[in-house]
Asks: 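Below is a structure I'd like to ask you about.
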Amino acid sequence: MTALAEVVELVGADVAGKLRFDADEANRETVLEVAPVLRSALGDDNRRATILTAPPFELPPEYPPALTLDSKDTADVAEKIEEFKANHGQKPSVVSVKDIALFAGGGDIDTARRELAAACVAASGVDEDVVPLETACAPGRLTGKIALVTGGARGFGLGIAEELAANGATVVLADLDVDGAAAAAETLSKKAGRTAAFALKVDISDEDSVRSMFEKIVLAVGGLDLLVANAGVLKAGPVVDFDKKDWDFVTKINYSGYFLCVKHAAAVMARQNAAGGPWTDIVQVNSKSGLVGSKRNAAYAGSKFGTIGLTQSFALELIEHQIKVNSVCPGNFFDGPLWSNPENGLFVQYLRSGKVPGAKNVEDVKKYYENMIPMGRGCFPADVAKAIMYCVEQAYETGQAIPVTGGQVMLN
């Protein structure tokens, strides 16, 4: 559903029917260029705005929160907003670009939607009480931030997304299983009592799919504050029997997929960061297998070792764009589908491959791994989410690989 369709549902067809549209839809290329800049220009040093976009329609000249621009003015839209603030004592909540698009900004999706609805009401002449009451941004460590979690439909990714949403973020759940991601996003929003999440389909091994995902994020909310590169796969087995196609599959997702997500996330972040505001973050969900070798698991461990090298290299390059890049390296999430799926989970794979000497069943394999952890339990999504939020809040750290292993792996 488009932003305008959502507002029509919110304020009613009678309001929408009285709007005078300059075009049938917003100009896509201009939105992709301008919306990230508006996120920073309409925000402040601590928090960016969420930006909703609609087809351009005529606003009354006396509508106080609106800044109206010609298309030629979009190149210096940040300066125009500062001029508006100097003249009116506050920044606009709506920026209308004639014949191009109308942008509404707020602290999160719901407050931005209210501003767009208010603009619709003002343009239609309908009584102002049609506009719903303003909702406050959800409080938390990530209030107002837009976070993308790849592989977010289930398992570790969904668990991380739940923690980020509980701490005030708006979370994009990206997954090949878009139906599962959409159901999870609906559940997160109901639990939060706000629009806390939405879903997008992506194949992180396909550049066109990754590019399209980031464009859709910009079109939906204006940009991005945090990329959690979580999606990954694992194929285990002894090296002498390991199929090349399985090796390529793991490398394509875990290594090249991380590169593609960083490439396109960084382009969006750099554009919005150039207009001001806080630093943005890329956090890769790596593994303890990226810190120490893993027997009969070379494809996975190799991809994770390699992506720590990518994290360090990306960190050095992207620091000039105010983007921090870090990895977190979880221990084993025994309760998630990666380990516990009865058909192809790691417990089953490791049992079949003979990775655990003497193991006769899945319970033997699980007990073997639990006994390796000094803290006596597997890793939970909440443990990893806390490490991710640390990366966001720590202003003086980039290029790191942080263990979250219950003491199983300790850095030298």
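Excluded from the calculations below are hydrogen atoms, water molecules and symmetry mates; all remaining heavy atoms, backbone and side chain alike, are included.
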Asks: Is any side-chain heavy atom of E162 less than 4.5 Å from a side-chain heavy atom of L188?
Replies: yes
Asks: Is it the case that T30 and N27 place a side-chain donor and acceptor less than 3.5 Å from each other?
Replies: yes
Asks: Would you please name every residue forming a salt bridge (charged side-chain N to carboxylate O under 4.0 Å, His left out) with R141, sequence neighbours left out?
Replies: E393
Asks: Does I388 reach the side chain of L226, with side-chain heavy atoms less than 4.5 Å apart?
Replies: yes
Asks: Quick one: does any side-chain atom of T405 pair with a main-chain N or O of P330 as donor and acceptor, under 3.5 Å?
Replies: no
Asks: For E25, look at atom CD and say whether over 12 heavy atoms of other residues, nucleotides or ligands are found less than 6.0 Å away.
Replies: no
Asks: Any non-hydrogen side-chain atom of R377 less than 4.5 Å from a side-chain atom of D383?
Replies: yes
Asks: Taking only distance into account, with no hydrogens and no angle test, what donor-acceptor pairs under 3.5 Å do side-chain atoms of residues 250-257 form with protein atoms, sequence neighbours excluded?
Replies:
| residue | atom | partner | partner atom | Å |
| --- | --- | --- | --- | --- |
| T251 | OG1 | W247 | O | 2.9 |
| N254 | OD1 | V233 | N | 2.8 |
| N254 | ND2 | V233 | O | 2.9 |
| N254 | ND2 | S303 | OG | 3.1 |

Asks: Determine whether a donor-acceptor pair (N or O, by modelled atom type, separation under 3.5 Å) exists between the side chain of Q272 and the backbone of L224.
Replies: yes
Asks: With distance as the sole test, does D243 use its side chain to make a donor-acceptor pair with the main-chain N or O of K245 at under 3.5 Å?
Replies: no
Asks: Can you list the steps and then say if S294 with K355 is a side chain to side chain contact (heavy atoms under 4.5 Å, CB included)?
Replies: CA-CA 10 Å; S294 184; K355 184 173 179 179; 3.1 Å; yes
Asks: Under the side-chain hydrogen bond (donor to acceptor under 3.5 Å, both in side chains) rule, what pairs show up with a residue in residues 212-224, not counting sequence neighbours?
Replies: R28-E215
Asks: If the condition is side-chain contact (heavy atoms from CB on, under 4.5 Å), which residues does H321 pass it with, not counting sequence neighbours?
Replies: A270, L318, I323
Asks: Could you list the donor-acceptor pairs under 3.5 angstrom formed by side chains in residues 336-353, with sequence neighbours left out?
Replies:
| residue | atom | partner | partner atom | Å |
| --- | --- | --- | --- | --- |
| S340 | OG | F334 | O | 2.4 |
| N341 | OD1 | E343 | N | 2.8 |
| N341 | OD1 | N344 | N | 3.2 |
| Q349 | OE1 | A236 | N | 3.1 |
| Q349 | NE2 | N344 | O | 3.0 |
| Y350 | OH | N297 | ND2 | 3.3 |
| R352 | NH1 | E343 | O | 3.3 |
| R352 | NH2 | E343 | O | 3.4 |
| S353 | OG | Q349 | O | 3.2 |
| S353 | OG | Y350 | O | 3.3 |

Asks: Does a side-chain heavy-atom distance below 4.5 Å link V94 with P92?
Replies: no
Asks: Is D248 salt-bridged to K244, cutoff N-O under 4.0 Å?
Replies: yes
Asks: Please check if atom CD in E186 has more than 12 non-hydrogen atoms from other residues, nucleotides or ligands closer than 6.0 Å.
Replies: no
Asks: Does CG belonging to D45 count more than 12 external heavy atoms closer than 6.0 Å?
Replies: no
Asks: If the condition is salt bridge (charged side-chain N to carboxylate O under 4.0 Å, His left out), which residues does K91 pass it with, not counting sequence neighbours?
Replies: E82
Asks: Assess whether atom CD of E317 is packed by more than 12 heavy atoms of other residues, nucleotides or ligands within 6.0 Å.
Replies: no
Asks: Just to verify, which of N230, L310, V285 counts as forming a side-chain contact (heavy atoms from CB on, under 4.5 Å) with Y258?
Replies: L310
Asks: Can you list everything that forms a side-chain hydrogen bond (donor to acceptor under 3.5 Å, both in side chains) with D208? Sequence neighbours excluded, please.
Replies: R211
Asks: Please confirm whether the backbone N or O of T280 pairs with a side-chain atom of D225, one donor and one acceptor, at under 3.5 Å?
Replies: no
Asks: Tell me, please, which residues at least two apart from D70 pass side-chain contact (heavy atoms from CB on, under 4.5 Å).
Replies: K72, D73, K98
Asks: Listed by chain and number, what are the side-chain hydrogen bond (donor to acceptor under 3.5 Å, both in side chains) partners of S40, not counting sequence neighbours?
Replies: R48
Asks: How would you list, by chain and number, every residue that makes a side-chain contact (heavy atoms from CB on, under 4.5 Å) with P60, sequence neighbours excluded?
Replies: E62, Y63, A122, A123
Asks: Hey, is K145 close enough to D281 for a salt bridge, meaning N to O under 4.0 Å?
Replies: no
Asks: I'd like to check the salt bridge (charged side-chain N to carboxylate O under 4.0 Å, His left out) partners of E58; sequence neighbours left out, ordered by chain and number.
Replies: R20
Asks: Counting only heavy atoms not in M375, do more than 12 sit closer than 6.0 Å to its CE atom?
Replies: no
Asks: With sequence neighbours left out, which residue pairs that include part of residues 170-181 fulfil the side-chain hydrogen bond (donor to acceptor under 3.5 Å, both in side chains) condition?
Replies: R154-D177
Asks: Is any side-chain heavy atom of C329 closer than 4.5 Å to a side-chain heavy atom of V409?
Replies: no
Asks: Evaluate the criterion side chain to side chain contact (heavy atoms under 4.5 Å, CB included) for residue pair F57 and L59; output intermediate values, then yes/no.
Replies: CA-CA 6 Å; F57 56 85; L59 286 168; 3.8 Å; yes
